[in-house]
Visitor: 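Have a look at this one before I ask anything.
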Amino acid sequence: MPTRYDLVIFDNDGVLVDSEPISNRLLAAYLTELGHPTSYEDSLRDYMGSAMHRIHDLVEERSGQRLPADFDDVFHSRVFAAFERELKPVAGAADVLEELAADGVPYCVASSGSHERIRVGHRTTGLDRWFDDSRIFSAEDVGRGKPAPDLFLYAAERMGVAPERCLVVEDSPLGVQAAVAAGMDVYGFTAMTPAERLTGATQLFSGMGELSGLLH
């Protein structure tokens, strides 16, 4: 069945893999441990959808202190260990990917997370069968992460599709801002984010099962 778009770009964390509760719980705990008191709710509000450099920038801006040099490595080791124990795919994500693949609709993932984080998450949840290297794009590939449009524009360029023919599926305010800045339509996934925080989204939806109907 033809879709309205030539490329569907998925965010990863919270859209394909149900990682946001795990990673924000661990981020809040680690920042608190380092003397920057942060609740789970604070982490969701301030850091969900962020590339790592934004966490460093915000903490330094607020406290005047830099995070330790090994912060990223320690955080990722904790997150990956928890992923191995707990991570599940977002309900309905595999069905959407299967349908897109069956219909021949191009898709990819463009995430603020590192390539390693994306791959660990996909391998743990079984979503790796849908994503070879040519479909995976990370904030590591560009100079600036979301809310800058760079990552989405890079993904579209590599996939050979004009920005205005792309749809982004996002669940974070930063991701919606980045998609809008890239000149792309964006569907805001409200499973974990209040709808009012995804202002600017072309459309809102609350369950992955709704997405297929919205694409046609």
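Because the structure is a prediction, the values reported are computed rather than measured. Values below: every heavy atom of this structure, side chains too, minus hydrogens, waters and symmetry copies.
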Visitor: I'd like to know whether Ser138 forms a side chain to side chain contact (heavy atoms under 4.5 Å, CB included) with Ile118, so could you lay out the CA-CA distance, the side-chain angles of the two residues, the decisive distance to 0.1 Å, and finally the verdict.
Guide: CA-CA 8 Å; Ser138 159; Ile118 298 166; 4.0 Å; yes
Visitor: Please say yes or no: joined through hydrophobic side-chain contacts below 4.5 Å, possibly via intermediate residues, are Val105 and Ile136 part of one cluster?
Guide: yes
Visitor: Among Glu86, Glu41, Glu20, which one satisfies salt bridge (Lys or Arg N to Asp or Glu O under 4.0 Å) with Arg25?
Guide: Glu86
Visitor: Determine whether a donor-acceptor pair (N or O, by modelled atom type, separation under 3.5 Å) exists between the side chain of Ser39 and the backbone of Asp42.
Guide: yes
Visitor: Do Glu33 and Arg78 pass the salt bridge (Lys or Arg N to Asp or Glu O under 4.0 Å) test, and can you show the C-alpha distance, the side-chain angles, and the key distance before you say yes or no?
Guide: CA-CA 13 Å; Glu33 190 183 306; Arg78 293 181 183 188; 3.1 Å; yes
Visitor: Using 4.0 Å as the upper bound for N to carboxylate O, is an ion pair formed by Lys146 and Asp11?
Guide: yes
Visitor: Give the minimum heavy-atom separation between Ser112 and Gly49, together with the two atoms involved.
Guide: OG-O, 2.7 Å
Visitor: Going from CD on Glu140 to CE on Met52, what distance comes out if it is rounded to the nearest 0.5 angstrom?
Guide: 11.0 Å
Visitor: With a 4.0 Å cut-off, would you call Asp150 and Arg144 a salt bridge?
Guide: yes
Visitor: Determine yes or no for a side-chain-to-main-chain donor-acceptor pair under 3.5 angstrom, with Thr190 supplying the side chain and Phe205 the backbone.
Guide: yes
Visitor: Output yes when Arg197 and Asp171 qualify as a salt bridge under the 4.0 Å nitrogen-oxygen rule, no when they do not.
Guide: no
Visitor: Let me check something: do Leu151 and Leu7 share a hydrophobic cluster, defined by ILVMFWY side-chain heavy atoms less than 4.5 Å apart, either directly or through other members?
Guide: yes
Visitor: Distance check, rounded to the nearest 0.5 Å: Ile22 atom CD1 versus Leu27 atom CG?
Guide: 13.5 Å
Visitor: Indicate yes or no: does Arg117 engage Asp13 in a salt bridge with an N to O separation below 4.0 Å.
Guide: yes
Visitor: For the backbone of Asp70 and the side chain of Asp73, can you confirm whether one donor and one acceptor N or O come within less than 3.5 Å of each other?
Guide: no
Visitor: Taking ring-ring contact (aromatic ring centres under 6.0 Å, His included) as the definition, give me every residue that meets it alongside Phe80, ordered by chain and number, with sequence neighbours left out.
Guide: His76
Visitor: On a heavy-atom basis, which atom in Gly113 and which in Ser111 lie closest, and how many Å separate them?
Guide: N-OG, 2.9 Å
Visitor: Contact between Leu16 and Trp130 at the side-chain level, heavy atoms closer than 4.5 Å - yes or no?
Guide: no
Visitor: In terms of side-chain geometry, is the basic nitrogen of Glu98 or Arg129 positioned less than 4.0 Å from the acidic oxygen of its partner?
Guide: no
Visitor: For Phe83, is there any backbone N or O sitting under 3.5 Å from a side-chain donor or acceptor partner on Thr124?
Guide: no
Visitor: Verify whether one side chain among Asp185 and Tyr5 offers a donor that lies under 3.5 Å from an acceptor in the other.
Guide: yes
Visitor: What are the two closest heavy atoms between Ser43 and Thr38, and how far apart are they?
Guide: N-CG2, 4.0 Å
Visitor: Once you round to the nearest 0.5 Å, how far does OH of Tyr40 lie from OG1 of Thr32?
Guide: 14.0 Å
Visitor: One pair to check against side chain to side chain contact (heavy atoms under 4.5 Å, CB included): Arg62 and His36. What are the steps and the verdict?
Guide: CA-CA 9 Å; Arg62 290 171 173 178; His36 306 284; over 6 Å; no
Visitor: Hey, any chance Met48 and Val59 share a hydrophobic cluster, counting ILVMFWY side chains that come within less than 4.5 Å of each other, even indirectly?
Guide: no
Visitor: Is the closest side-chain heavy-atom distance between Tyr47 and Ser23 below 4.5 Å?
Guide: no
Visitor: Between Tyr187 and Val168, is there a side-chain heavy-atom distance shorter than 4.5 Å?
Guide: no
Visitor: Is the shortest side-chain N to carboxylate O distance from Arg66 to Glu61 below 4.0 Å?
Guide: no
Visitor: Taking the six-membered ring for Trp, is the centroid-to-centroid distance between Tyr107 and Phe131 below 6.0 Å?
Guide: yes
Visitor: Does the Ser206 side chain pair with the main chain of Ala191, one donor and one acceptor, at a distance under 3.5 Å?
Guide: no
Visitor: Nearest heavy-atom pair of Gly121 and Leu87: which atoms, and what distance?
Guide: CA-CD2, 3.5 Å
Visitor: Closer than 3.5 angstrom, by distance alone: can the side chain of Glu84 be matched with the main-chain N or O of Ala81 as a donor-acceptor pair?
Guide: no
Visitor: Is there side-chain contact between Pro149 and Phe152, with at least one heavy-atom pair below 4.5 Å?
Guide: no
Visitor: Shortest non-hydrogen contact from Ala148 to Ala178?
Guide: O-CB, 3.3 Å
Visitor: For the residue pair Asp133 / His115, report whether a side-chain donor-acceptor contact shorter than 3.5 Å exists.
Guide: no
Visitor: Side chains of Phe10 and Leu167: does their closest heavy-atom pair fall under 4.5 Å?
Guide: no
Visitor: Using 0.5 Å steps for rounding, measure from the CG atom of Asp18 to the OG1 atom of Thr125.
Guide: 10.5 Å
Visitor: Looking at Cys166 and Ala156, what are the two nearest heavy atoms and their distance?
Guide: SG-CB, 3.8 Å
Visitor: Checking the side chain of Asp132 only, and the main-chain atoms of Ser134 only, is there a donor and an acceptor separated by less than 3.5 Å?
Guide: yes
Visitor: Just do the side chain to side chain contact (heavy atoms under 4.5 Å, CB included) check on Leu67 and Leu31 with the steps written out, would you?
Guide: CA-CA 9 Å; Leu67 289 170; Leu31 288 173; 3.9 Å; yes
Visitor: Using the rule that two of Ile, Leu, Val, Met, Phe, Trp, Tyr join whenever any of their side-chain heavy atoms come within less than 4.5 Å, decide whether Phe189 and Leu198 are in one cluster.
Guide: no
Visitor: Would Val8 end up clustered with Leu127 when hydrophobic side chains under 4.5 Å apart are linked, directly or stepwise?
Guide: yes
Visitor: With rounding to the nearest 0.5 angstrom, report the CG to OG distance, Leu100 to Ser212.
Guide: 6.5 Å
Visitor: Is any side-chain heavy atom of Asn12 closer than 4.5 Å to one of Val17?
Guide: yes
Visitor: Going through the checks in order, is the side chain to side chain contact (heavy atoms under 4.5 Å, CB included) test met by Leu34 and Phe71?
Guide: CA-CA 10 Å; Leu34 292 171; Phe71 179 86; 3.6 Å; yes
Visitor: State whether the side chain of Ser50 and the backbone N or O of Ile55 hold a donor-acceptor pair below 3.5 Å, judged by distance alone.
Guide: no
Visitor: Taking the side chain as every heavy atom from C-beta outward, state whether Ile9 and Met184 have any atom pair closer than 4.5 Å.
Guide: yes
Visitor: When you measure from the side chain of Arg4 to the backbone of Arg165, do you find a donor-acceptor pair of N or O atoms at a distance under 3.5 Å?
Guide: no
Visitor: Can you find a pair of side-chain heavy atoms, one from Leu153 and one from Arg158, that are under 4.5 Å apart?
Guide: no
Visitor: Quick one: do Arg54 and Asp57 make a salt bridge, cutoff under 4.0 Å?
Guide: no
